[in-house]
There are 2 protein chains.
Amino acid sequence: MTSQQELLDTLAGVARALGNGHRLALLERLAQGAAAVETLAHTADLTVGNASQHLQHLRRAGLVTAQRDGKHMIYRLTDERIVTLMALLRQVAETNLAEMERLVGRLFAEDDAGGALEAVTREELLAGLSTGKLALLDVRPEEEFEAGHLPQAINIPLEQLEDMLDRLPRDREIVAYCRGPYCVLSHEAVQRLRQLGYRVRRFEEGYPEWKAAGLPVSAQPAAATQASLRP
Amino acid sequence: MTSQQELLDTLAGVARALGNGHRLALLERLAQGAAAVETLAHTADLTVGNASQHLQHLRRAGLVTAQRDGKHMIYRLTDERIVTLMALLRQVAETNLAEMERLVGRLFAEDDAGGALEAVTREELLAGLSTGKLALLDVRPEEEFEAGHLPQAINIPLEQLEDMLDRLPRDREIVAYCRGPYCVLSHEAVQRLRQLGYRVRRFEEGYPEWKAAGLPVSAQPAAATQASLRP
DNA sequence: CAGACATTCCATAGAACAATAGAATGATAG
DNA sequence: CTATCATTCTATTGTTCTATGGAATGTCTG
């Protein structure tokens with residue numbers, strides 16, 4: 001076996017690490033910020049043992065690193081580019097696989113019934129924020145918001161949406177975002193807020209893509225972030 | 001199973017299609033241009049039956065399309081971005097996997113003994129070509145050259161290198177390129193030409209990356225290209 | 001239409017992978 | 001130092017992937 005083939009095999013090993021839905025779910029959560037195994041297992045809907053095993057797999061492929069913090073093992077992405085890699089994989093799949101269109105359609109079918117209200121693009125959002133015409137709503141859990149979020153964003157986790165409506169402006173259009181293009185949280189939020197009469201649209205990307213693009217992000221002080229890693 | 005999980009599973013299916021060294025080799029060849037199964041099987045060092053099966057796999061994942069041309073089945077990449085996807089995969093693997101460094105080191109160990117002569121970057125090459133200070137040498141097989149190549153490139157397939165030296169200038173530095181960063185053809189060419197006293201360095205990328213970056217490429221007339229698809 | 005050729009399909013055996021449960025390890029708190 | 005908790009390791013079983021060889025399909029040539 002030549003060196004070149006070994007190289008391709010090693011590369012294939014990295015691709016294989018991405019070749020499992022559960023592992024992609026884990027990576028998507030890790031793209032929001034570092035987290036402990038238990039947290040990761042919970043968001044990916046896996047048993048802790050199973051999640052640990054998948055994380056080992058990702059670690060062998062060089063996609064994540066682990067670091068002990070007391071009783072907990074904190075995992076994080078090794079490289080910001082992994083977010084870009086997943087986004088590109090998504091784009092290629094979306095344009096070339098009919099199956100994807102069907103699934104994306106189903107995910108987006110419920111809200112946006114009229115189809116009139118398109119998702120907000122990155123450019124539109126940047127413009128709207130600088131002119132103050134848009135308000136920005138982060139509907140992810142508090143823990144993920146604290147690990148990092150878009151500047152000027154208001155955090156109302158989806159579960160508490162109706163309880164904290166007083167934080168939302170009535171006079172401006174609201175843009176909701178969450179974990180990424182396939183994350184359902186912002187869809188759900190848009191749907192519910194529209195029924196309450198708010199003018200609200202969805203951001204077509206999520207926090208990880210924003211950050212990977214090199215755009216500015218805000219975060220809580222390190223102490224708070226550290227604490228939030230522990231489940 | 002939720003729609004979101006199905007989406008990730010579908011995406012994982014695409015990643016899994018990339019998760020095999022032979023398939024990556026096939027894609028790398030396809031990045032040079034469309035080709036028939038026999039050609040692909042030959043460059044990837046596979047039996048025709050096996051290559052066909054791998055190509056089916058890639059087709060199901062939406063990465064390649066097939067189109068019949070007489071007796072031959074011509075495969076091509078569905079999307080130029082697949083080249084970018086593979087390049088990104090390579091970058092992530094190179095920076096995060098120690099194993100990769102070892103393998104890349106071994107691949108590059110033989111030539112460039114002094115280590116003094118770095119590979120030529122894209123910027124350097126563009127500058128050198130516009131000022132006429134550099135000559136450009138494509139050492140891929142004629143067939144791939146005809147399917148597309150960098151502007152101003154001279155084609156001397158590696159096997160015929162010593163037979164066609166009269167095509168090379170003595171007064172300018174030569175830059176050799178081939179299929180991509182892991183392709184050994186240009187390394188081999190640089191080594192052999194240096195022993196003959198030429199001033200020659202290697203381009204750090206290859207034809208597919210150049211093309212995927214949107215830079216201009218030249219190609220033979222369509223008729224010749226068509227013919228070259230048949231092995 | 002027969003023969004040659006390119007490709008795909010099919011069946012099989014062996015290898016790798018995934019989920020599960022239970023044992024083992026490592027770290028903290030009392 | 002022991003009890004406890006988070007995590008990892010190990011063994012097992014069922015599933016999926018890969019390579020191989022041979023049969024089947026489709027296309028061209030004479």
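To find a chain, count down the sequence lines: A is the first, B the second, and so on, and within it residues start at 1.
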(Q) Any side-chain N or O of B/N20 below 4.0 angstrom from OP1/OP2 of D/dT18? (A)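 The answer is yes; a side-chain N or O of B/N20 sits under 4.0 Å from OP1 or OP2.
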Q.
Just N and O in the side chain of B/H72: are any of them under 4.0 Å from OP1 or OP2 of D/dC28?
A.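 Checking D/dC28 against B/H72, no side-chain N or O comes under 4.0 Å of OP1 or OP2.
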Q: Mind grabbing the angle between the end helix axes of the helix from C/dC1-D/dG30 to C/dG30-D/dC1? Five pairs an end, 10° rounding.
A: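 The end-segment axes of the helix from C/dC1-D/dG30 to C/dG30-D/dC1 are tilted 30° relative to each other.
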Q: Any side chain to side chain donor-acceptor pair (under 3.5 Å) involving residues 47-58 of chain B? Give me the pairs, sequence neighbours left out, ordered by first then second residue.
A: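 Every pair satisfying side chain to side chain donor-acceptor pair (under 3.5 Å) with a residue in residues 47-58 of chain B: B/R23-B/H54, B/R23-B/H57, B/N50-B/H54, B/Q56-B/R59, B/Q56-B/Y75.
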Q: Look up atom NE2 in A/H22 and atom CG in A/L55, then write down how far apart they are to the nearest 0.5 Å.
A: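 Going from NE2 on A/H22 over to CG on A/L55, the span is 12.5 Å.
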Q: With the side chain of B/H54 defined as its heavy atoms from C-beta on, choose the nearest nucleotide among C/dA6, D/dA19, D/dT18.
A: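 Nearest to the side-chain atoms of B/H54, counting from C-beta on, is D/dA19.
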Q) So which nucleotide from C/dA6, C/dT28, C/dA19 ends up closest to the side chain of A/K71? A)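 Minimum distance to the A/K71 side chain belongs to C/dT28.
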Q | Test side chain to side chain contact (heavy atoms under 4.5 Å, CB included) applied to A/E94 - qualifying residues, sequence neighbours left out | A |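 For A/E94, the residues satisfying side chain to side chain contact (heavy atoms under 4.5 Å, CB included) (neighbours in sequence not counted) are A/R90, A/M100, A/V104, A/Y182.
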Q) Hey, does the side chain of A/N155 reach the backbone of A/D138 with a donor-acceptor pair shorter than 3.5 angstrom? A)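 The answer is yes, because a donor-acceptor pair under 3.5 Å joins these two groups.
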Q: Return yes when atom CD of A/E101 has more than 12 non-hydrogen atoms of other residues, nucleotides or ligands closer than 6.0 Å, and no otherwise.
A: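 No, because the 6.0 Å sphere around CD of A/E101 holds 12 heavy atoms or fewer from other groups.
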Q: May I ask you to test the B/E142-B/Q160 pair for a side-chain heavy-atom distance under 4.5 Å?
A: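 No. Closest side-chain heavy atoms not under 4.5 Å.
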Q. Looking at side-chain heavy atoms only, is the closest gap between A/L85 and A/D79 below 4.5 Å?
A.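 A/L85 does not reach A/D79 side chain to side chain.
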Q. Going through the checks in order, is the side chain to side chain contact (heavy atoms under 4.5 Å, CB included) test met by A/R81 and B/T95?
A. CA-CA 10 Å; A/R81 280 173 299 184; B/T95 47; 2.8 Å; yes
Shorter than 3.5 Å, N or O on both sides, protein versus nucleotides 8-10 of chain D: list them out with atom names.
residue	atom	partner	partner atom	Å
D/dT8	OP1	A/Y75	OH	2.8
D/dT8	OP2	A/S52	OG	2.8

How many whole angstroms separate atom [atom1] of [X] from atom [atom2] of [N]?
X     : N      : atom1 : atom2 : result
A/D69 : D/dC5  : CG    : C1'   : 14 Å
B/H57 : C/dC9  : NE2   : P     : 14 Å
A/D9  : D/dC17 : CG    : C1'   : 14 Å
B/D45 : D/dT20 : CG    : P     : 10 Å
A/L46 : D/dA6  : CG    : C1'   : 16 Å
B/L24 : D/dT18 : CG    : C1'   : 15 Å
B/L58 : D/dT18 : CG    : C1'   : 14 Å
A/E38 : D/dA6  : CD    : C1'   : 8 Å

(Q) Given A/Q32, which partner from the list A/R140, A/K211, A/R179, A/E143 fulfils the side chain to side chain donor-acceptor pair (under 3.5 Å) test? (A)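 Of A/R140, A/K211, A/R179, A/E143, side chain to side chain donor-acceptor pair (under 3.5 Å) with A/Q32 is met by A/R140 alone.
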Q) When B/R122 is tested against each of B/E205, B/E204, B/E209 for side chain to side chain donor-acceptor pair (under 3.5 Å), which residue passes? A)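 Single pass found, and it is B/E205.
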(Q) Using the rule side-chain contact (heavy atoms from CB on, under 4.5 Å), only one of A/L193, A/V190, A/L150 pairs with A/L137; which is it? (A)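 Answer to the side-chain contact (heavy atoms from CB on, under 4.5 Å) test with A/L137 among A/L193, A/V190, A/L150: A/L193.
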Q) Which of residues 11-19 of chain B sit near DNA chain D, with a heavy atom under 4.0 Å from it? A)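 Heavy-atom contacts with DNA chain D come from B/R16.
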Q: Scan for ring pair (Phe, Tyr, Trp, His ring centres under 6.0 Å) pairs involving residues 137-157 of chain B, sequence neighbours excluded, and state none if there are none.
A: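 Sorted result for residues 137-157 of chain B: B/F145-B/H149.
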